[in-house]
Amino acid sequence: MSRKRPFDRDASSLGAAGGRAKSWKRPLDRDASSLGAAGGRVMSRRVNAFWGLVAWLVGIAFFLPVAWMVLTSFHSEADAGTNPPKFGASLTLDGYREFFGASTGASPWPPLINSATASIVSTLLVLLLAIPAAYALAIKPVRKWTDVLFFFLSTKMLPAVAGLLPVYLIAQKIGLLDNIWLMVILYTSMNLPIAVWMMHSFLAEVPVAILEAAAIDGARLPTIMRKVIVPVAAPGIAATALICFIFSWNEMLFARVLTGVVAGTAPVFLTSFVTSQGLFLAKVCAAATAISLPVLAAGFAAQDKLVQGLSLGAVK
Amino acid sequence: MPKVRQFTPVLAAIGAIALALSGCSGAGGGGGSGGGHTLNVLMVNNPQMVDLQKLTADNFTKQTGIKVNYTVLPENDVRDKISQEFSSQAGQYDVATISNYEVPFYAKNGWLYPLDDFVSKDSGFDQSDILKPMTESLTADDGKLYGEPFYGESSFLMYRKDVFAAKGLTVPDNPTWQQVADLAAKVDGAQPGMRGICLRGQPGWGEVMAPLTTVANTFGGTWFTKDWKAGLNSPQWTQATTFYVNLVRAHGEAGAPQSGFTECLNDLEQGKVAMWYDATSAAGSLEASDSPVTGKIGYAQAPVVQTKSSGWLYTWAWGIQKASKHSADAWKFVSWASGKDYENLVGTKLGWARVPAGKRTSLYANPAYQQAAAAFYKQTQEAISSADPRNPGVQPRPTIGIQFVDIPEFTDLGTQVSQAISSAIAGQLSVNAALTQGQQLAEKVAAKYQSK
């Protein structure tokens, strides 16, 4: 068992692929233990090595495009555009200079601040609304709570693009076009159903016995929420928050249509480097790398909680 | 208990909206008013626009005190955004880059501000210096001018002088398509891996349909007759398309069904083709100092059959939104960006090769520009000047436009037909089958206009 630990750490150090690599552990455990103790040593070592290799291959396959993007971002435009690609081309920071407006004078900070505002505020609002809602559906279920859950889900069944035109026209009429607070409201409402579903499944796993014990000790609802439910559901909350943050940080369809001069978000800004005349790969890769950094940082910060959270279960 | 709890999200939502509205006033709202001295400009992300962004603050803003906020997007995105902005007259943007395809029907829909009054009062602008086909293609059916060109292009034939010289061949200055096809056969394989000619095959109304429509025009075909009868299954269109498809399949570039402007540019630069029929704006890239074929390219007029000239006409122009509250400031910007002084500014500051060309007679008479663009300036000027957007073929047309039909439906129609044509170039479909499909699509569009 002790040999498995470093493997886990290696796999999860791959970042995005970490969560995935972790899930490969399950079959491995079962295989290893089903072989029994006697005579299974050599076999289990081989099986381990096999699954380790598979985990690495999957991890690398998922990470390769990202690594390619980062590498390309340090190449010159001419080197980035060659076919076949040049791996060993000399490195330059020109792409990043372009991102910071070297030739256009357009600063990347307003769109980054807009994206941060929209993502962080909407994520906080979502958590504020989703946790109580999930509590009402999971721990003290309201009547017909399954219907309520499906109602939440049904709001995601309408293709987002179908709602785009009405939202645009309403925003225009009430003067909220190109306003970052409109994006906050939209992202909150778009992510709320997902957050309620996720939080519901996390809270459903909180053992009722703990809650009863706390109640017998005289704790009231706010205390139970704060001191019992939140600590137990923390991985779930972290996972939910991260997903909401990523979804709103990367949202492009609504942002492209509803924002303009002042409220443009980072993904819309990213597209402004694409041109139909001339080379742009290195610039776009540099911009994409820079814009992914906040999400990566958030992912690393929440990694421990996230891995627990993604395997869906608070006390598994 | 449950009932009370169900209200909490509603209350929270109201709170969120209140927060949003308060944030609205705090952030200064959208649209950017800024006391009448700020302009919002929406434009396509082409190199000429990048230069414009760089030069605005130190020149235009310094001279006039008007601050310009640019939003730049790639071509397809910007078209979507502009049509959405202008059709709803949202007024977020004062000025946008629109092409000569959009200007006439945008004007007809009342989305654009007429510019004639501004032009007549602005003595420094000099509308008569703008190449005539440009002015004509930005004038709507009501006779008013609705756009000023930023830069423009036609199409012509580019070829490798060294390859033709080595084979003892010459390309006429005004070739016919038959001559071009014969030459393509002769230079095919002149160097290892070199094909005869590059012609676009990539689907898209602005990709394969642009050169093919000019070929159809000069073969005597038209998308629609004056009384809106679709003509894609006419003998002339069939002849033109068969010629184009056969030429590409026999002597065209490798991977033709996926090749557009960018791919052909690469092919010619890397010696994979000996000729290329495409936009005049390509010459700037071919003659750039870092191009491998600088000085090796010859330029001839667009090949013809029945017409005298056959080049297309395209321009990115400035249009002022009707709903703009700053139309006078907006004109100052348009007048500056499309003016002579701006061309001189780019020429002296960034180099003459980067001037937004193809719109003013004076630029082609400027010795500094003549020297920088010695290889192609004459041919470019002739190509643009000889384009006739109202009468590009052998019969009267229902709308303006050379390589497109100036109706909003054309982007969809052209793209759908182009997919069939591209399949024909790939050999998956016969030319007749492709054009029969195209005819059915075109008839549906034509029916709409016949009843008007």
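In what follows, every chain begins at residue 1, and chains take the letters A, B, ... in the order their sequences are listed.
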| Toward chain A: residues of residues 280-289 of chain B with heavy atoms under 4.5 Å | none

| Check: Lys81(B) side chain, Arg256(A) main-chain N or O, donor-acceptor pair, under 3.5 Å | yes

| query | Is it true that a side-chain atom of Gln84(B) and a backbone atom of Val257(A) form a donor plus acceptor pair closer than 3.5 Å? | reply | yes

| request: Assess whether atom NZ of Lys156(A) is packed by more than 12 heavy atoms of other residues, nucleotides or ligands within 6.0 Å. | output: yes

| chain B heavy atoms under 4.5 Å from Phe269(A): which part of the residue, side chain, backbone, both or neither? | neither

| field | Toward chain B, the part of Ala130(A) with a non-hydrogen atom under 4.5 Å | value | neither

Rounded to the nearest 0.5 Å, how far apart are [atom1] of [X] and [atom2] of [Y]?
X: Leu177(A); Y: Ser88(B); atom1: CG; atom2: OG; result: 7.5 Å
X: Thr104(A); Y: Leu52(B); atom1: OG1; atom2: CG; result: 11.5 Å
X: Met43(B); Y: Ser272(A); atom1: CE; atom2: OG; result: 10.0 Å

Shortest non-hydrogen contact from [X] to [Y]?
X: Thr271(A); Y: Pro74(B); result: O-CD, 3.1 Å
X: Tyr93(B); Y: Gly260(A); result: OH-CA, 3.1 Å
X: Ala106(A); Y: Gln53(B); result: CB-NE2, 4.2 Å
X: Lys54(B); Y: Ser103(A); result: CE-O, 3.1 Å
X: Gln172(A); Y: Gln89(B); result: NE2-O, 4.0 Å

| task | Dump the intermediate steps for side-chain contact (heavy atoms from CB on, under 4.5 Å) on Asn45(B) and Phe280(A), then the final yes or no. | result | CA-CA 11 Å; Asn45(B) 188 14; Phe280(A) 59 83; over 6 Å; no

| query | Under a 4.5 Å heavy-atom cut-off, does chain A meet the side chain of Asn76(B), its backbone, both or neither? | reply | neither

| note | For residues 107-117 of chain A against chain B, heavy atoms under 4.5 Å, the residues are none

| Step by step, would you call Val44(B) with Thr275(A) a side-chain contact (heavy atoms from CB on, under 4.5 Å)? | CA-CA 8 Å; Val44(B) 63; Thr275(A) 166; over 6 Å; no

| task | Under the side-chain contact (heavy atoms from CB on, under 4.5 Å) rule, what do Gln92(B) and Val261(A) come out as? Steps first, then yes or no, please. | result | CA-CA 8 Å; Gln92(B) 287 189 85; Val261(A) 186; 5.6 Å; no

